[in-house]
A.B. asks: 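Attaching a single structure in structure tokens format; questions to follow.
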Amino acid sequence: MWNRRNFLRSLGLASAGLALKPLDSLAQKTAASKNKQALKPIVLSTWRFGLEANAAAWKVLSTKGKALDAVEQGVKVTEADPEERSVGYGGRPDRDGKVTLDACIMDELGNIGSVAALEYIKHPISVARAVMEKTPHVMLTGQGALDFALAQGFKKENLLTDASEKEWKEWLKTSEYNPKANIENHDTIGMIALDASGNLSGACTTSGMAFKMHGRVGDSPIIGAGLYVDNEVGAATATGHGEEVIRIVGTHLVVELMRQGKSPQKACEEAVQRIIKLTRQRGKDLSKIQVGFIAINKQGEHGAYCIQSGFNYALHDTINGNRLIDAPYYLT
Ligand code: SD4
């Protein structure tokens, strides 16, 4: 007789003793979300230069390449562009006139690599990847990072362009360190991607805050602050005042909020709220601070949120192609 039990047995479920139990609504929801077709591949990156970076990443993703390769190839475009004065070559220097770079990378297995305060190397993200793949460590800084890069065959180059040097000399006239929200003395490219196989990876790279103290390290090379990936849950990256992102271990928080069931959008909002609360608690002026988060989850859903208007991000997916989106913000 053909009954439900026989049908389930034909699927190999009844013998596992699973299928005959009534599903409660939570289990049903979980099953539904697992069955939901993930929107993939998808890549998301910070700021308008993310459009060009996404295009490079998409070449990898659309040919079934790995998210890890996509994010590295993507952010390298921004690192190499001297017109982008906040990342890599052409980045604004610190107050001593030195271009010092921060970057990190994380893959779907939890492998991580990072460099901080690295000078003279155009592609710190690739050095971060080499730290991840070729050393027993996860982070190298300053001279040690440079020595390692040179030993790996990276070329030593002057990264201070005439334009950035001119700006620094102008800045020296007042020497006032007063980074303004959204004014181009701080930007970073953070990129997160979900590939066709459903794996997540991310990369983050910057020259950091312009005219920072020599040796200052921001959030961008710190796993859990500027970038975090958990292949079971989602990925997030950050831009803006790094000190504020570090204070709440921002991207780890965003990913953990997604783990608790929050959408990427809600998770970004809650992390920004956390910064707002601490800023007020510390009696600091919120209007001077900008932080933006972007996030994706395993289903390819995305979200973004920032403190004040002016932050945008680039999104490339299979439905709408590559586009720039203004992030929603808190302060009106
Ligand atoms: C830093 N978070 O060094 C970086 C800078 C940045 O938009 O992203 N600015 O603090």
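Both ligands and their constituent atoms are indexed starting at 1 by order of listing.
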A.B. asks: Using a 4.0 Å cutoff against the non-hydrogen atoms of T239, which atoms of ligand 1 qualify?
C.D. replies: 6 (C), 7 (O), 8 (O), 9 (N)
A.B. asks: Going by the atom numbers of ligand 1, which of them fall below 4.0 Å from some non-hydrogen atom of S220?
C.D. replies: 2 (N), 4 (C)
A.B. asks: N/O to N/O below 3.5 Å, does that happen between T188 and ligand 1?
C.D. replies: yes
A.B. asks: Need the ligand 1 atom indices (1-based, order shown) with element for anything under 4.0 Å from a heavy-atom of G208.
C.D. replies: 3 (O)
A.B. asks: Does T206 reach ligand 1 with a nitrogen or oxygen that is under 3.5 Å from one of the ligand's nitrogen or oxygen atoms?
C.D. replies: no
A.B. asks: Does R92 qualify as a cation-pi partner of F211, given the criterion of NZ or CZ under 6.0 Å from the six-membered ring centre and within 45 degrees of its axis?
C.D. replies: no
A.B. asks: Can you tell me if K212 has a non-hydrogen atom under 4.0 Å from ligand 1?
C.D. replies: no
A.B. asks: State plainly whether the residues E243 and K212 are in salt-bridge range, i.e. N to O under 4.0 Å.
C.D. replies: no
A.B. asks: L324: which residues meet the side chain to side chain contact (heavy atoms under 4.5 Å, CB included) condition with it, sequence neighbours left out?
C.D. replies: R48, L51, N312, A314
A.B. asks: Are any of the N or O atoms of G240 closer than 3.5 Å to those of ligand 1?
C.D. replies: yes
A.B. asks: Would you check whether R216 has a nitrogen or oxygen atom less than 3.5 angstrom from a nitrogen or oxygen atom of ligand 1?
C.D. replies: yes
A.B. asks: Out of all atoms in ligand 1, which are within 4.0 Å of some heavy atom of D219? Include the element for each.
C.D. replies: 1 (C), 2 (N), 4 (C), 10 (O)
A.B. asks: Output yes when K166 and E170 qualify as a salt bridge under the 4.0 Å nitrogen-oxygen rule, no when they do not.
C.D. replies: no
A.B. asks: Set out, in order, the CA-CA distance, both residues' side-chain angles and the distance that settles ring-ring contact (aromatic ring centres under 6.0 Å, His included) for F311 and W47, then state yes or no.
C.D. replies: CA-CA 7 Å; F311 169 50; W47 303 105; 5.0 Å; yes
A.B. asks: Pick one of side chain, backbone, both or neither for how E244 approaches ligand 1, counting any non-hydrogen atom pair under 4.0 Å.
C.D. replies: neither
A.B. asks: Once side chain to side chain contact (heavy atoms under 4.5 Å, CB included) is applied, do any residues pair with K277, and if so which ones, sequence neighbours excluded?
C.D. replies: Q281
A.B. asks: Going by an N to O cut-off under 4.0 Å, is there a salt bridge joining E269 and K266?
C.D. replies: yes
